[in-house]
Amino acid sequence: DLTFPMLSYRTGPYGPNGTEFADGYADYFTLLNERDGGIGGVKAVTPECETAYNTQKGVECYESTKGQGALVYQPLSTGITYQLIPKVTADDIPMHTMGYGRTSAANGKVFSHVFNYPGTYWDAASVIMKHVSDMEKGDLKGKNIALVYHNSAYGKEPIRTLEELAKRDGFKLTLLPVDHPGQEQKSQWLQIRRERPDYVLMYGWGVMNQVAIKEAGNIRFPMDKFIGIWWSGSENDVLPSGDKANGYKAVTFHGVGTDYPIFDDIKKYVADTGKAAGDGSNIGTALYNRGMYAAVLAAEAAANAQKMFNTKEITSGQMRDGMESLKVDNARMEALGLKGFAPEINVTCENHGGPGLAAIQQWDAKTKTWSLITDFVASDRDIIDPLIAEDSAAYAKENKLTERECKS
Amino acid sequence: MSPVILNALEVILNGLMAGVMYALVALGFVLIYKASGIFNYAQGVMALFAALTLVGFQTGQIPFAHLINAIFGTKLHHWGDGMNTFLAIILTMLVMILFAWLLEKIVLKHMVNQAPIILFMTTIGLAYFMEGFGDLMWGADIKTMDVGLPSGGSFWLEDFTRGWAAEGTEYYGMYIDVLDVWAAGIAILLVIALTLFSQYTKTGRALRAVADDHQAALTVGISLRSIWIIVWSLAGFVALVAGIMWGSKSGVQFSLSLIALKALPVLILGGFTSIPGAIIGGLIIGVGEKLFEYSIGSMIGGATENWFAYVLALAFLMFRPQGLFGEKIIERV
Amino acid sequence: MSTDNTILSIKNIEVIYDHVILVLKGVSLDVPKGGIVALLGANGAGKTTTIKSISNILKTERGDVTKGSISFEGERIENLSPTELVKRGVVQVMEGRHCFEHLTVEENLLTGAYTRKDGRKAIADDLEKVYNYFPRLRERRKSQAGYTSGGEQQMVAVGRALMARPKLILLDEPSMGLAPQLVEEIFEIVKALNEKEGVTFLLAEQNASVALRYATYGYILENGRVVMDGEAASLADNEDVKEFYLGLSGGDKKSFRDVKHYRRRKRWLA
Amino acid sequence: MSEASRIGDTLLEVKNISLSFGGVKALTDISFDIKEGEVRAIIGPNGAGKSSMLNVISGFYHPQEGEVWFRGEKRGALKPYQVARQGVARTFQNIALFKGMSTLDNLMTGRITQMKTNMFWQAIWKGPAEREEIEHRERVEHIIDFLGIQAIRKTPVGRLPYGMQKRVELGRALAAEAKLLLLDEPMAGMNMEEKEDMSRFILDVNDEFGTTITLIEHDIGVVMDLSDRVVVLDYGCKLADGTPDIVRNDQAVIDAYLGVSHD
Amino acid sequence: MFYREAGDFKTSYAKDQQSFPIKLDRYWVWGVLAIAFLVVPFFINDYWEKSVLLPFLVWSMAALGLNILTGYCGQVSLGTGGFMAVGAYACYKLMVAFPGLNIFIIVILAGLITAVVGIAFGLPSLRIKGFYLAVATLAAQFFLVWMFNKIPWFYNNSASGMITSPERLMFGVPITGASAPPWATYLFCLTLVTIFAFIARNLTRGRIGRSWMAIRDMDIAAEIIGVPPLQAKLSAFAVSSFYIGMSGAMLFGVYLGSAEPTEAFGIDKSFLVLFMVIVGGLGSILGSFLGAAFLVLVPVLMKNIMVGGFGWPADLAAHLELLFIGALIMFFLIVEPHGLAQLWRMTKEKLRLWPFPH
Ligand SMILES: Nc1ncnc2c1ncn2[C@@H]1O[C@H](COP(=O)(O)OP(=O)(O)OP(=O)(O)O)[C@@H](O)[C@H]1O
Ligand SMILES: Nc1ncnc2c1ncn2[C@@H]1O[C@H](COP(=O)(O)OP(=O)(O)OP(=O)(O)O)[C@@H](O)[C@H]1O
Ligand SMILES: [Mg+2]
Ligand SMILES: [Mg+2]
């Protein structure tokens, strides 16, 4: 068997979100098993371990599953990611932190076993600002942009990038931290109401998102100028606000909805046969799609590794190599039934962060759907790359690591 | 008036409103403490549970559907379209009473005459239990609470106050959330009713007697059973109200139970045993933390509210160790 | 002495604390209707335990009646809740003044009437009666009980029990901490209630001389066993009782200064 | 030992003490003295202010007016533990034992004012801490023997019957080896035999160690037999002061307290 | 008659005052220690290290600390998470600032620094009591975590505010960092915990311990018989925070390797340690260990049984786990409010009487 352990969380403050992601992840492997007989003929198994978004339990889950031939870890928590970075490296197991975790892990020369393609927090910040800049016809000078963020390692990630961008583009950045769990955001939103920033960006998670969107609606902040990170762009976040959430935007690195052929297969092989994880009601939600996409990439990398090493039962080390040379082009996406779902991916030894492309999605409260309103656009590499280099160098120094050679 | 003053006024006003919301949760704590000397950590989870149950009834969810499906391979989730809100509230209340009854029967009965910290611990166990139970019963997904309460900024106040600022300054009027105004009204009604109940009725007196000395209460014929069922049902009711209010604000999901942490500073500031104390404590904490965040917090990096509420409460306690309105702690030998 | 006249009858009860500590080793006693029965015994003999097993609050201290039976007015009561017992007319006054500290004196007294259903007027009358018994309480009626003196608290505890209008009062050391004058008064009250209202008393008391003076019958408990029982008058005549409980060896009172250092041996000659 | 030599100079004197709580006047203008080596009794009806007086002496209540003189010096506003360290030990009316500790530990706690080793040595244990512990343990064992409570040495005091607890409490006060011992109703809840035993202990302590004793007690027989001098309080005022014989026959005392004359 | 003390006579007070006055107990303790030190290191693997043994040791240390404060001195504290954070950050700053310093010393220094902070936050306990104090200690919890989250100096300006422990050696073997072998981290923690468990035992049986217990059982009476409350309470806060600080340093440095204040030292940690202390037994050293073992092992065990054994879906298992733990806590408190340690004691008492029921 090919083992893809799931460190998921279905309880605790972030349980609702974790559940959707986990369902998507599990369902895709079920689909592969049911439809194709697994990956390259080998069944994929997804032993699940509940972390409750708690780093300690995450470590325990890691230790308890790694002996079962785990191929790749996806902890879906920035805290757990940080914990595992040195461990996976020592254990020679790759870790894929898709759109979260340590951004500078994009530097494959330092972080040999950590991948965060197809995009990072900093890519997201940059793409959001690009969208803002488009809306402002390219002129951000003197604009006031507020960042409402989860007061934790995760929420603080974009600050550096935004500060750089602010310096370059001449806008003013206002920082508004919100403490976990974030049910009370009166102060932040009153301040926003007073200062009338032109745009509000949000890096939130869990209940914080819902409350923020509700408060924004209450103070009648123009929703199309309120843009969240991909972790603030699920149905859970907007639904409680009803009509007031109409027009809210979020950045994303993959497509939305169920308008892709793959969902027919999922319905046929997974949902209708009663094999869906959970009760099947999550299929097609933003986070479900993300979980599914994560599984797609994992499966592709596994298949890649099988090809590279010409073996069915790959090891975690081989999986790592498979990930490092992963290429998913549009043709392949189409073959997967995911045409246009996400941009092409091309992972290399130096670049574990992928293309860094992202699009903006917008919420329609009438139809209760997300829709993509932009193409997948690239982030500002010239801002982000130096930051990545700087941060990964600091990590390397602290841990006395030397950069790997990447032969190209 | 200058916008600065107006803004500060606005912050105070909203602080008051936030305080009322905290007080709603704190009230549940006070009720139980007053009546049995139990510091009920599970109050927050009770609010969550009540809210979950209410929404479940409203939308016609089948309880334990997930568990049943997992065991029998069925695909249950809803039965029809749910029910009328009012009916759902009544049913939820019945569930809370049933809960109180079971709790007394299974747990509290054995806890007579135990040290406060043991009782406290028991309620933490209870909190875990209810959390797991609620999740099992209704699922852990996010639910939207809609009982028809209005929400959103008040246009009336905005328009009314817009003219207050001096000519030529940029001022948008004052903001207040209508939901909060409702909450304030409900909270005041609750406080009045509960105060009258505990101070002027025979049962109220018995409640306080039980809190002082379980054994002695037994010897005068007070039935701890009925008292505890009454109080926990009442607390369940308060939890339901808090659950509705907070649920309307932030959706119904696990985090709802964490509002307990916002209620604790209110509780110690007002005093564990004072019902009016809960509301006044709430107001002080609400205004205090919002004003601090507005004036100083934003300068030192923000997100100060959590700890400031506690520090503020602590400062009051240094002068009155039993909280503003709490019963004096009797120190005698 | 078990006759139809018996209001409370305990047969051979054993009590164990914490599942291991055996405290009562087969205690039997009978309380006649309308009587005043004294329960005497040294510290730790098990008087309080006996009384608590009657009022059924032992469970709150992790104690259990493991053998024997207790009946009140002919019905078994071991499994009745304390509340039910109070409703049937059995009220206990706990040793060591268990007042409700945060309630005022008056509120304390009123909680005593918690189970009564005979209307405000009757309760107010009884309150007045208690104040007449204990004028000191009238003065302190608005004070928090926690701040009253030890003796005042004792009065509150006794007064509170009276408020329940019981048939049987279990008094655990009523005289403890009371001034001599008040001790007499309390016993006078006991006597008055007993005679006028027919209330039965079972009292555990250390002050044997007073207790035997007012009691009709007495039991002496040692180490969880009844070692002696009899009419109060005959007990008071017993040599050992005289020496150990009344302090009258050889018939006359001796000074506390003359007590010997060495231990004296009990004979328990009947 | 003759009476005259046993009783020495004034050990403690209270002057014009007034104490009130809100509206309640617990003590009004009380003065009396306690001489070294004597057994001094305080009696009075319930609520007279006896316990409050002891609380003033042990520094727990601070009177609104009046002074306390101890060993010839005026005492400032000391904290109770400072008073204890000066050599005042006491028992309490409502037993105040440390319920979670064994009898032995309760008694050892009574010696706390005399123990010195610092935290470092305590942590190491071997060496000074152990030596000190054993030294004090010996003295405590002496008291245990004296009170005849060997059998309950290791029992948690919460489980003991009431009278035994009273005895342990006396033991704890004795362990402090104080100059002045304040006893608040040490014999309440005891039967005659136990009262006799307790009287014996009190007299022995007084004889053997020369400890000064101040005693509150409602059993007039005990008071009259044991004490050298008696103060009578009533409603916070001093009613009488003098030898047992004088007090016993004082009409005011008989009316207020004794009810009948006890002789 | 499985367990007896008859025949085990003591001939001096010193013998009677020793840690384990009963011979059988003594043999037990030595036996357990021997196995822990001499056998376990040869069989330990990553899973046992990270999922069971290290968490057990780290939380035992924290539980010891809180037990001193709450169990022995009666001051309920919910600031444990915050104090652990102090220990962790002190450890981090020391590790980075003095790369050559022995990690053992660093952990102890981290404890000392925490002790100072603990004293500062213990000051209100002189006036505030009971649950009021418990809630007030949350001020420490929230403030400390906020501070470590806000002030970049504490996390050396790293982008996300996480701290990561660099590799440090002891006797040439890495103790911290990802390449530390399981046996080394285990022995390191075990040694610390063993030493300080004995110290805790010593402190609690002498003068200081008695003054703590006196304050706990009846603070006014304690003051009147001569226990200075200021000294007693603050020393309890200091010693307790010292232990908790060390456990924080171990948690961060040795066990997890990196930490983020809001998550690793959140309020749930404060509650967790409090559970351990209460479930294990207030005022009992053994109880601290039993409580930590209970709360570390039971969830792991339950998860393994439900997911691994019965193959239930992970979310159902997670919900059931919460439910069971809650129910278990209540069950234990009903059966024995004084914790596992008391249960153990009662069992011994019964064994002593066995086969006679009383
Ligand atoms: N909760 C308890 N747990 C264990 N043992 C107890 C408990 N309560 C009482 N005992 C034991 O039971 C025995 C009888 O105690 P009890 O209180 O009934 O005595 P008593 O006759 O009322 O004495 P006193 O005159 O001192 O009040 C004593 O040896 C005591 O140690
Ligand atoms: N802390 C306090 N607050 C309020 N009132 C108090 C306080 N302490 C004592 N009193 C009151 O002062 C009066 C004297 O009390 P005290 O305890 O000294 O009486 P006592 O002489 O010891 O009586 P007893 O023999 O009944 O113990 C009582 O009326 C009591 O209610
Ligand atoms: Mg008794
Ligand atoms: Mg008194």
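Order of the sequence lines fixes the chain letters, A, B, ..., with proteins taken first and strands second; residue numbering starts at 1 for each chain. Heavy atoms only: backbone and side chains are in, while hydrogens, waters and symmetry mates are out. Note that the structure is a prediction, hence the values are computed from the model and not measured.
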Got F275(E) and I124(B) here, is their nearest side-chain heavy-atom distance under 4.5 Å? yes

Side chain from CB out, backbone as N, CA, C, O: work out which of these in I224(E) comes under 4.5 Å of a heavy atom of chain B, or both, or neither. side chain

Between V135(E) and chain B, with a heavy-atom cut-off of 4.5 Å, which part of the residue counts as in contact: side chain, backbone, both or neither? both

Examine whether an atom of I329(E) lies under 4.5 Å from a heavy atom of chain B, and if so say whether it belongs to the side chain, the backbone or both; otherwise answer neither. side chain

Rounded distance [0.5 Å steps], CD1 in I128(E) versus CD in Q322(B): 10.5 Å

Hey, could you give me the CZ/CG distance between R127(E) and L317(B), rounded to the nearest 0.5 Å? 9.5 Å

Mind telling me whether F272(B) and Y132(E) have parallel, tilted or perpendicular rings, with 30° and 60° as the class edges? tilted

Proximal component of I267(E), with respect to chain B [non-hydrogen, under 4.5 Å]: side chain

Do the ring centers of W307(B) and F143(E) come within less than 6.0 Å of each other? yes

Would you please indicate if the ring centroids of F29(B) and F131(E) are separated by under 6.0 Å? no

Is it the backbone or the side chain of L144(E) that comes under 4.5 Å from a heavy atom of chain B, or both, or neither? neither

Check the orientation of F271(E) and Y41(B). Use parallel for under 30°, tilted for 30 to 60°, and perpendicular for over 60°. tilted

Side chain, backbone, both or neither of I278(E) within contact of chain B (heavy atoms, under 4.5 Å): side chain

Checking T137(E) against chain B: side chain, backbone, both or neither under 4.5 Å from a heavy atom? neither

Measuring from M111(B):CE to M330(E):CE, what's the distance to the nearest 0.5 Å? 9.0 Å

Output for pair (L323(E) CG, Y128(B) OH), nearest 0.5 Å, gives 13.0 Å

If every non-hydrogen atom of G302(B) is compared with every non-hydrogen atom of W146(E), which pair is closest and at what distance? O-NE1, 2.9 Å

In the structure I gave you, are the side-chain heavy atoms of K109(B) and I334(E) within less than 4.5 Å of one another anywhere? no

For chain E, find which of I117(B), V311(B), L264(B), T123(B) contributes the most heavy-atom pairs closer than 4.5 angstrom. I117(B)

Partner chain B: residue of A136(E), A221(E), A134(E), G130(E) with the largest heavy-atom pair count (under 4.5 Å): A136(E)

Let me know if F319(B) has heavy atoms under 4.5 Å from chain E in its side chain, its backbone, both or neither. backbone

Test side-chain contact (heavy atoms from CB on, under 4.5 Å) on M121(B) and V279(E) and set out the steps. CA-CA 9 Å; M121(B) 192 61 208; V279(E) 171; 4.1 Å; yes

Top contributor to chain E contacts, counting heavy-atom pairs under 4.5 Å, from I300(B), L261(B), I106(B): I300(B)

To check you understand the geometry: which heavy-atom pair defines the closest contact between L314(B) and P124(E), and what is its length? CD1-CB, 4.1 Å

Could you state the interatomic distance from CE (M318(B)) to CG (L123(E)), rounded to the nearest 0.5 Å? 7.5 Å

I need the minimum non-hydrogen distance between G301(B) and K150(E), along with the two atoms involved. O-NZ, 2.8 Å

How long is the gap from CG on L333(E) to CG on L126(B), to the nearest 0.5 Å? 11.5 Å

